[in-house]
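Here's the structure we're looking at; comments come further down.
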Amino acid sequence: MTRIAVTGAAGRMGGRIITLATESDQLHLVGAVEMAGHPKLGQDAGHVAGCGELGVAISDSLEEALTGADLLIDFTFPQVTLANAAVCARLGKGMVVGSTGFTPEEREQLQGFAEQIPVVFAPNMSVGVNVCFKLLKEIARTLGDGFDVEIVELHHNKKKDSPSGTAVRMGEIVAEALGRDYNQVANYHREGMCGERTTEEIGMQTVRGGDIVGEHTVYFIGMGERIELTHRAMNRDMFARGAIRAASWLGGKPAGMYDMQAVLGLDEG
């Protein structure tokens, strides 16, 4: 049994993670965290999440919430995640990180903490999306340079980062499979007389509106034919279920940075 603490315990994602954790026979919730001044502080995390009394009060102290925990599930923001990672590293607690919007420098900082503790870090913890990651690598390798690649992602109008971490990861996977440097070939903007499309560029387009949970399509466009690989998120439970699966897998692992490909065994063979 892996003992967990959850950040953002009074939020939608935190509540779903807490609820699903109570349904798991591999996880046990021992801590719940919210920001200082939150109106739900001191309340039972289970009551707030709508899954019944759990005997775990929501705290604004991460150290307190991690008492007796093996790892932390963190869906916050990069700066908050890094501050939490520093605490986890000091206390020797693992982390499952679902936060998005990390800069390359922030990723390096998280990697540094992963040298001390086990960390599962994924821009998207959906099982389906990670299967798409696997397929994208194979499709790109097979098609080679004869197809133009364009990525379009759609999210709700409250999302703060753009493009999504999932879209960026898709671009990185395709670029790597094709022997390209993603940072050199990603094209985020076309306007006016921008010239013809280059062979190597990977177009990245963003749509924001309404309550779209998340949709990603990668287009491989050739002469006379087109392949489209699309993943649509119907609700946020898929992210929470992925986090639960990652937490169940991470217990007992040595220090290091892991991704959902490792969790799902998709990096084997």
Pair Phe121-Phe102, ring-ring contact (aromatic ring centres under 6.0 Å, His included): steps then yes or no
CA-CA 11 Å; Phe121 172 55; Phe102 285 82; 5.1 Å; yes
Do Ile151 and Leu136 sit in one hydrophobic cluster, given that two such residues count as connected whenever their side-chain heavy atoms are within less than 4.5 Å of each other, even indirectly?
yes
Where is the tightest heavy-atom contact between Leu110 and Ala85, given as atom of each residue plus distance?
CD1-CB, 4.1 Å
Does a side-chain heavy-atom distance below 4.5 Å link Val218 with Ile139?
no
Can you confirm whether Thr142 sits close enough to Phe147 that some side-chain heavy atom of one is under 4.5 Å from a side-chain heavy atom of the other?
no
Checking the side chain of Lys134 only, and the main-chain atoms of Leu266 only, is there a donor and an acceptor separated by less than 3.5 Å?
yes
Can you check side-chain hydrogen bond (donor to acceptor under 3.5 Å, both in side chains) on Thr81 and Asp74, steps first, answer last?
CA-CA 7 Å; Thr81 295; Asp74 184 281; 2.6 Å; yes
For the student: nearest non-hydrogen atoms of Cys88 and Met95, plus distance
SG-CG, 3.6 Å
Sequence-distant partners of Glu34, side-chain hydrogen bond (donor to acceptor under 3.5 Å, both in side chains), two or more places apart:
none
Please round to the nearest 0.5 Å and tell me the distance separating atom CG of Asn130 and atom CE of Met260.
5.5 Å
Nearest heavy-atom approach of Leu20 to Ile244 is CB-CG1, 3.9 Å
Can you tell if the side chain of Ile18 reaches within under 4.5 Å of the side chain of Val56, non-hydrogen atoms only?
no
Counting only heavy atoms from other residues, nucleotides and ligands, does the tally under 6.0 Å from NZ of Lys137 exceed 12?
no
Go through Thr22 and Leu29 one step at a time and tell me if the side chain to side chain contact (heavy atoms under 4.5 Å, CB included) criterion holds.
CA-CA 7 Å; Thr22 65; Leu29 182 77; 5.7 Å; no
Enclosure of Asn235 CG (heavy-atom neighbours >12, cutoff 6.0 Å):
yes
Flag the pair Thr166 / Phe133 as yes when at least one side-chain heavy-atom distance between them is below 4.5 Å, and no otherwise.
yes
Would you indicate whether the side-chain heavy atoms of Met125 and Arg245 approach each other to under 4.5 Å?
no
Given the rule that I, L, V, M, F, W and Y join up when any side-chain heavy atoms are under 4.5 Å apart, are Leu250 and Val97 in one cluster?
no
Please identify which of these residues, Val30, Val48, Asp44, meets the side-chain contact (heavy atoms from CB on, under 4.5 Å) condition with Leu54.
Asp44
I'd like to know whether OH of Tyr182 has more than 12 heavy-atom contacts from other residues, nucleotides or ligands below 6.0 angstrom.
yes
Flag the pair Thr230 / Glu215 as yes when at least one side-chain heavy-atom distance between them is below 4.5 Å, and no otherwise.
yes
Student check: side-chain heavy atoms of Thr103 and Pro78 closer than 4.5 Å:
no
If you count every heavy atom of other residues, nucleotides or ligands that lies below 6.0 Å from Arg208 atom CZ, does the total exceed 12?
yes
For Val96 and Ala246, which heavy atoms make the closest approach, and how far apart are they?
CG1-CB, 4.0 Å
Within the supplied structure, the quantity of interest is the number of heavy atoms (other residues, nucleotides, ligands) at a distance under 6.0 Å from Met35 CE; does it exceed 12?
no
Under the side-chain hydrogen bond (donor to acceptor under 3.5 Å, both in side chains) test, which residues partner Arg169, sequence neighbours left out?
Glu172
So if you build clusters from Ile, Leu, Val, Met, Phe, Trp, Tyr with side-chain heavy-atom gaps below 4.5 Å, do Phe239 and Phe77 land together?
no
Side chain proximity check, Gln184 to Glu200, heavy atoms < 4.5 angstrom:
no
To the nearest 0.5 Å, how far apart are CD in Glu153 and NE2 in His216?
5.0 Å
Arg226 atom CZ: more than 12 heavy-atom contacts under 6.0 Å
no
Show the nearest heavy-atom pair for residues Ala89 and Phe113, with the distance to one decimal.
CB-CD2, 3.8 Å
For Glu106 and Gln79: C-alpha separation, side-chain torsions, deciding distance, then whether side chain to side chain contact (heavy atoms under 4.5 Å, CB included) applies.
CA-CA 8 Å; Glu106 288 168 335; Gln79 297 82 359; 3.7 Å; yes
Glu105 vs Glu108, test: side chain to side chain contact (heavy atoms under 4.5 Å, CB included). Steps then yes/no.
CA-CA 5 Å; Glu105 293 75 20; Glu108 288 185 10; 5.6 Å; no
If I take atom CD1 from residue Ile17 and atom OG from residue Ser24, how far apart are they, to the nearest 0.5 angstrom?
12.5 Å
In the single-linkage hydrophobic clustering (I, L, V, M, F, W, Y; side-chain heavy atoms under 4.5 Å), do Trp249 and Val119 co-cluster?
no
Straight-line distance of Arg232 CZ to Met238 CE, nearest 0.5 Å
12.5 Å
Mind checking the CG-NE2 spacing from Leu135 to His231? Nearest 0.5 Å is all I need.
11.5 Å
Just checking Glu176: does its CD atom have more than 12 heavy atoms from other residues, nucleotides or ligands closer to it than 6.0 angstrom?
no
Steps toward side chain to side chain contact (heavy atoms under 4.5 Å, CB included) verdict (Val80, Thr7):
CA-CA 10 Å; Val80 177; Thr7 59; over 6 Å; no
Can you see which heavy atom on Ala177 is nearest to which on Arg141, and at what distance?
CB-CG, 3.8 Å
Does Lys159 NZ have over 12 foreign heavy atoms under 6.0 Å away?
yes
Hey, what do you get for CD (Glu150) to CE (Met204), rounding to the nearest 0.5 Å?
10.0 Å
Start with the C-alpha distance between Ser162 and Thr206, add both sets of side-chain angles, then the distance that settles side-chain hydrogen bond (donor to acceptor under 3.5 Å, both in side chains), and finish with yes or no.
CA-CA 7 Å; Ser162 173; Thr206 295; 3.2 Å; yes
Would a hydrophobic clustering, with Ile, Leu, Val, Met, Phe, Trp and Tyr connected at side-chain separations under 4.5 Å, put Tyr219 with Val149?
no
